[in-house]
Amino acid sequence: MSKLFIAGEVFHGAGSLEELKNVKGKKAVLVTGGSSMKKSGTLDKAIAYLNEAGIETKIYEGVEEDPSSETCFKGAALMKEFQPDWIVGIGGCSAIDAAKMMWVFYEYPDADFDAMIKPFSVPVLRQKAKFIAIPSTSGTGTETTGLAVITDREKGVKYPIVSYELTPDIAIIDGEICASMPAHVTSNTGLDALTHCVEAYVSNIDNNFADALSKGGLKIVFDNLKEAVKNPDNITARQNMHDASFMGGLAFNNAWLGIVHSLSHQVGALFGVPHGACNAIFLPNVIRFNEKESSRFPDLAKVIGKETAEDLAQAIETLRSEVSNQSAIKEFGISREDWDKNLDFMANNAFLDPCTGFNPRKPTVEELKQIYNACYEGLVYTEGKVIDAAF
């Protein structure tokens, strides 16, 4: 027997933010990032709807990209003082992920962050508060996942905190909120959603629900991402991408991810490369690596009118180019010297990343280094070919 893990209630469609006025409670802390939610008016709308529901609010703002454990502790301290019965993550993935971990430390002030790095080690939540996720970007699917990615700045490592306890109680998937999202963010996050669909479909967990959602999400991304990037005010395309993001998140919440994410977590933590951009660079070559073990890629290729795993990899490379995303890690200004200096560290951490355990093909550290180096240079991965500083 299996259980489908999904946000408790899901409201989707343009204007669905208004559902906040039907929430029952007393106090809510809204956790957000920089200023985009404030400038767009979304934050004020959310507060107004909660106030209409008779809920007193307080804001924690300024969550950084790739949120740190320190940020999570600070937010939890505010919550301890205010004592909310709702926590609302509103904005990009970073804000929502940080809000999830603030929630943990609010309910368990003495919890050990390092202990929760081990999958499914988060203690039972909802003793003090429930959680609402309102994404402004269409990529991570964090609004329906038991996942929060938190960075330990001292160690230079991104940790995916995995626990179904972190799955939100309410998810609001409102495409209107995304209208102000810049083109490069739309591109990066859309390619992140695409990666989730591919990795969930080929993971080593069989799940019919995840399979259907992965295929559906993949088609929506290929049909809508270019339009959402080119014409940001097209709310239909925005909502479609928001739905695809949710579908990809729901798929991987039940089948999990693979080494694309293991590889990306390290590069993002050390060099600050946007997560979706990392994924889009690694995904085609990981398809080439994994096709030796998985026969499922042609199924995904057929969804977009292609035939083989290589067709799928090339179609992703084409889409990546069409939405102006980079094709090589070195394009982010990372020197070969810095790359080589950190290569062993990254490959070892990627090998230990929880996502690696769900990859269809078990890699060695050396194979991860080969994929890393091919993607640093923007080359097609070839089995057994070693690319190093002498390239």
ask   = Is a donor on one side and an acceptor on the other found under 3.5 Å between the side chain of Ser35 and the backbone of Lys38?
value = no
Ring centers of Tyr372, Phe282 separated by less than 6.0 Å = yes
message = What I want to check is whether the side chains of Glu310 and Gln314 have a donor and an acceptor closer together than 3.5 Å.
response = yes
Ser214 side chain to Cys197 backbone, donor-acceptor under 3.5 Å = yes
message = Any carboxylate oxygen within less than 4.0 angstrom of a Lys/Arg side-chain nitrogen, looking at Asp344 and Lys369?
response = yes
message = Tell me the closest heavy-atom pair linking Leu194 and Leu283, and the distance in Å.
response = CG-CD2, 4.5 Å
ask   = Do Tyr376 side-chain atoms and Ile334 backbone N/O form a donor-acceptor pair below 3.5 Å?
value = yes
inquiry  = How close do Ala14 and Asp174 get, counting heavy atoms only, and between which atoms?
reply    = CA-OD1, 3.4 Å
request  = Verify the cluster assignment for Ile132 and Met37: are they in a single hydrophobic cluster under the rule of side-chain heavy atoms below 4.5 Å apart?
outcome  = yes
query = With a cut-off of 6.0 Å (strictly less than), are more than 12 heavy atoms of other residues, nucleotides or ligands near CD of Glu383?
reply = yes
Option among Lys24, Arg126, Lys130 that satisfies the salt bridge (Lys or Arg N to Asp or Glu O under 4.0 Å) test with Asp169 = Arg126
inquiry  = Walk me through whether Lys292 and Glu367 qualify under salt bridge (Lys or Arg N to Asp or Glu O under 4.0 Å).
reply    = CA-CA 13 Å; Lys292 306 295 182 183; Glu367 286 169 334; over 6 Å; no
request  = Mind running salt bridge (Lys or Arg N to Asp or Glu O under 4.0 Å) on Glu331 and Arg320 for me, showing each step along the way?
outcome  = CA-CA 14 Å; Glu331 293 177 26; Arg320 184 180 67 194; over 6 Å; no
task = Answer with yes or no whether the hydrophobic clustering places Leu257 together with Tyr164; edges join I, L, V, M, F, W, Y residues whose side-chain heavy atoms lie under 4.5 Å apart.
result = yes
remark   = Closest non-hydrogen atoms of Lys158 and Ala269, given as atom of the first, atom of the second and distance, are N-CB, 3.4 Å
ask   = Short question: side chain of Thr186, backbone of Val229 - any donor-acceptor pair under 3.5 Å?
value = no
ask   = With no hydrogens and no angle check, is any side-chain donor or acceptor of Asn224 less than 3.5 Å from a backbone partner on Ile220?
value = yes
inquiry  = Under 3.5 Å, is there a donor on one side chain and an acceptor on the other for His184 and Asn188?
reply    = no
inquiry  = Determine whether a donor-acceptor pair (N or O, by modelled atom type, separation under 3.5 Å) exists between the side chain of Asn285 and the backbone of Ile371.
reply    = no
ask   = Taking everything shown except Lys27 itself, do over 12 heavy atoms lie less than 6.0 Å from its NZ?
value = yes
request  = Determine whether the side chains of Thr308 and Asp311 contain a donor N or O and an acceptor N or O closer than 3.5 Å.
outcome  = yes
task = For atom CD of Gln127, decide whether the heavy atoms of other residues, nucleotides or ligands shown that lie under 6.0 angstrom number more than 12.
result = yes
request  = Compute both the distance and the angle, then confirm whether Lys74 meets the cation-pi test with Tyr60: under 6.0 Å from the six-membered ring centre, within 45 degrees of the axis.
outcome  = no
message = Using a 3.5 Å distance criterion without hydrogens, assess whether the side chain of Asp85 forms a donor-acceptor pair with backbone atoms of Gly25.
response = no
query = If we ignore angles and hydrogens, is there a donor and acceptor under 3.5 Å between the side chains of Thr142 and Thr140?
reply = no
message = For the residue pair Ser321 / Thr318, report whether a side-chain donor-acceptor contact shorter than 3.5 Å exists.
response = no
inquiry  = Do the side chains of Glu176 and Lys45 get close enough for a salt bridge, i.e. N-O under 4.0 angstrom?
reply    = no
Note: Lys330-Glu377 ion pair, threshold 4.0 Å (strictly below) = yes
task = Say whether, by atom type as modelled, one donor and one acceptor occur between the side chain of Tyr106 and the main chain of Lys128 under 3.5 angstrom.
result = no
ask   = Do Phe209 and Val10 belong to the same hydrophobic cluster, where Ile, Leu, Val, Met, Phe, Trp and Tyr are linked whenever their side-chain heavy atoms lie under 4.5 Å apart, directly or via other members?
value = no
message = Tell me whether Glu81 is salt-bridged to Lys58, with the criterion being a basic N under 4.0 Å from an acidic carboxylate O.
response = no
inquiry  = Between Glu199 and Gly258 (side chain of the first, backbone of the second, donor and acceptor by atom type, cut-off under 3.5 Å), is there such a pair?
reply    = yes
message = Do Val124 and Trp103 sit in one hydrophobic cluster, given that two such residues count as connected whenever their side-chain heavy atoms are within less than 4.5 Å of each other, even indirectly?
response = yes
Ile281 CD1 to Phe332 CZ distance, which is reported to the nearest 0.5 Å = 5.0 Å
task = Go through the side-chain N and O atoms of Arg336 and Asn373 and say whether any donor and acceptor fall under 3.5 Å apart.
result = yes
request  = Dump the intermediate steps for side-chain contact (heavy atoms from CB on, under 4.5 Å) on Asn342 and Gln266, then the final yes or no.
outcome  = CA-CA 10 Å; Asn342 288 285; Gln266 318 315 317; over 6 Å; no
request  = For Met247 and Gly216, work out which heavy atoms get closest and say how close.
outcome  = CE-C, 3.6 Å
request  = Say whether, by atom type as modelled, one donor and one acceptor occur between the side chain of Asn207 and the main chain of Ala251 under 3.5 angstrom.
outcome  = no
